[in-house]
Each structure stands twice: as structure tokens, then as C-alpha cells.
Amino acid sequence: QVQLVESGGGLVQAGGSLRLSCAASGRTSNTYAMGWFRQAPGKEREFVAAISWSGTTLYADSVKGRFTISRDNAKNTVYLQMNSLKPEDTAVYYCAARRLSGVRREGSEYDYWGQGTQVTVSS
């Protein structure tokens with residue numbers, strides 16, 4: 001099993017920045033692909049970004065150019081740097097791990113999930 005713990009969420013004004021972290025423990029592997037998803041109230045969960053073990057990245061169009069996903073394999077940690085935040089970015093953000101190495105947009109492709117961290121962007 002793999003445990004994922006997110007941190008770094010909070011309240012920020014529009015135009016501000018936040019950096020989310022996701023620490024993995026347990027039977028982790030640096031070959032896992034990692035992803036970030038989010039779910040706003042009343043909406044379905046949506047893909048945000050993903051990164052392969054080798055550093056290949058994939059972004060949702062809505063965050064491209066504003067968010068950056070990265071990983072530190074030595075620390076078993078993945079990050080999501082969020083800049084130029086907008087009120088529509090408000091959601092619970094979830095970290096996910098995929099046992100295979102390729103990046104994917106579909107949540108069903110991921111095997112492990114964190115509990116989520118709240119991000120609120122005020123206008």
C-alpha cells in the first residue's frame with residue numbers, strides 16, 4: 001500500500017500563489033506516475049496535472065501556464081506550484097499515484113489517493 005498526504009492548501013486572494021505538496025510513504029516507487037486532481041463543490045473531480053517518473057508532464061488546459069508540477073524522487077514528494085490563482089481554482093485538491101509510469105488524465109488510471117487539501121481563492 002501507498003499512503004499519500006497533501007499539504008499546503010489555504011486561503012489566498014485572486015492573483016496569489018500557493019504550493020501544494022504530496023508526501024508518499026509505504027510501498028512507494030519512484031517509477032510511479034503522480035497526478036493532481038481537484039473537485040469543487042457540486043462538480044465532478046477533474047484532472048489538473050500529472051508527472052511521470054522521468055519528468056514528463058501533462059496539464060489541463062485550464063491551468064497550463066499558471067501551474068507547475070514537479071517531483072523530488074529522493075523525498076518521495078510531488079509538488080504543485082500554483083500561480084495567478086483565480087476564484088474558479090477553488091476546490092479540494094487531491095494527490096494520486098499510478099503504479100505505471102505513464103501520465104494519464106483519467107482518475108480511474110490512478111491506484112492511490114490522498115485525503116485532499118482545501119484551496120480557496122477569494123475575489
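Residue numbers start at 1 and run along the sequence shown. Not measured: the values here are computed from a predicted model.
- Judged by distance alone, with hydrogens and angles left aside, the side-chain atoms of Arg105 form no donor-acceptor pair with the main-chain N or O of Ala49 at under 3.5 Å.
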Stepwise side chain to side chain donor-acceptor pair (under 3.5 Å) test for Arg99 and Tyr110: CA-CA 7 Å; Arg99 284 195 293 264; Tyr110 290 79; over 6 Å; no

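- The cationic atom of Arg98 (NZ for Lys, CZ for Arg) does not lie both less than 6.0 Å from the six-membered ring centre of Tyr32 and within 45° of the ring axis.
- Both Met34 and Trp36 are assigned to one and the same hydrophobic cluster, defined by single-linkage of ILVMFWY side chains at heavy-atom distances under 4.5 Å.
- When every heavy atom of Ala91 is checked against every heavy atom of Ala40, the shortest pair comes out as CB-N, 3.8 Å.
- Distance alone, capped at 3.5 Å, places no donor-acceptor pair between the Glu46 side chain and the Arg38 backbone.
- In this structure, the side chains of Cys95 and Val78 come closer than 4.5 Å at one or more pairs of heavy atoms.
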Can you give me every donor-acceptor pair (side chain of residues 79-87, partner residue at least two apart or in another chain, under 3.5 Å) with its distance?
unit_1, atom_1, unit_2, atom_2, d
Gln81, NE2, Asn83, OD1, 2.9
Asn83, OD1, Ser17, OG, 2.9

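- Interatomic distance, CD of Gln13 versus OG of Ser122, reported as 5.0 Å (0.5 Å rounding).
- Geometrically, Arg45 engages Trp113 in a cation-pi contact, judged by NZ or CZ lying under 6.0 Å from the ring centre and within 45° of the ring axis.
- A search for ring-ring contact (aromatic ring centres under 6.0 Å, His included) contacts involving Tyr94 returns nothing, not counting sequence neighbours.
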May I have the step-by-step check of side-chain contact (heavy atoms from CB on, under 4.5 Å) for Gln1 and Tyr112, ending in yes or no? CA-CA 8 Å; Gln1 285 292 340; Tyr112 306 103; 3.4 Å; yes

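- Hydrophobic clustering (ILVMFWY, side-chain heavy atoms < 4.5 Å, transitive): Phe37 and Tyr59 are in distinct clusters.
- Side chain of Thr90 to backbone of Val121: a donor-acceptor contact under 3.5 angstrom is found.
- Cluster annotation: Tyr93 is not connected to Phe47 through the hydrophobic network of ILVMFWY side chains, with a link wherever side-chain heavy atoms come within less than 4.5 Å.
- Val103 places none of its side-chain heavy atoms less than 4.5 Å from the side chain of Thr57.
- Atom CD of Glu88 has more than 12 heavy atoms from other residues, nucleotides or ligands within 6.0 Å.
- Thr117 is listed as a side-chain neighbour of Leu20, based on a closest heavy-atom distance under 4.5 Å.
- No chain of hydrophobic side-chain contacts below 4.5 Å, direct or via other Ile, Leu, Val, Met, Phe, Trp or Tyr residues, connects Val63 to Leu58.
- Contact record, Ala24 with Leu4: CB-CD2, 3.6 Å, taken as the closest heavy-atom pair.
- Atom CG of Leu18 is separated from atom OG1 of Thr120 by 9.5 Å, given to the nearest 0.5 angstrom.
- Formation of a donor-acceptor pair under 3.5 Å by the Ser54 side chain with backbone atoms of Ser52 is not found in this model.
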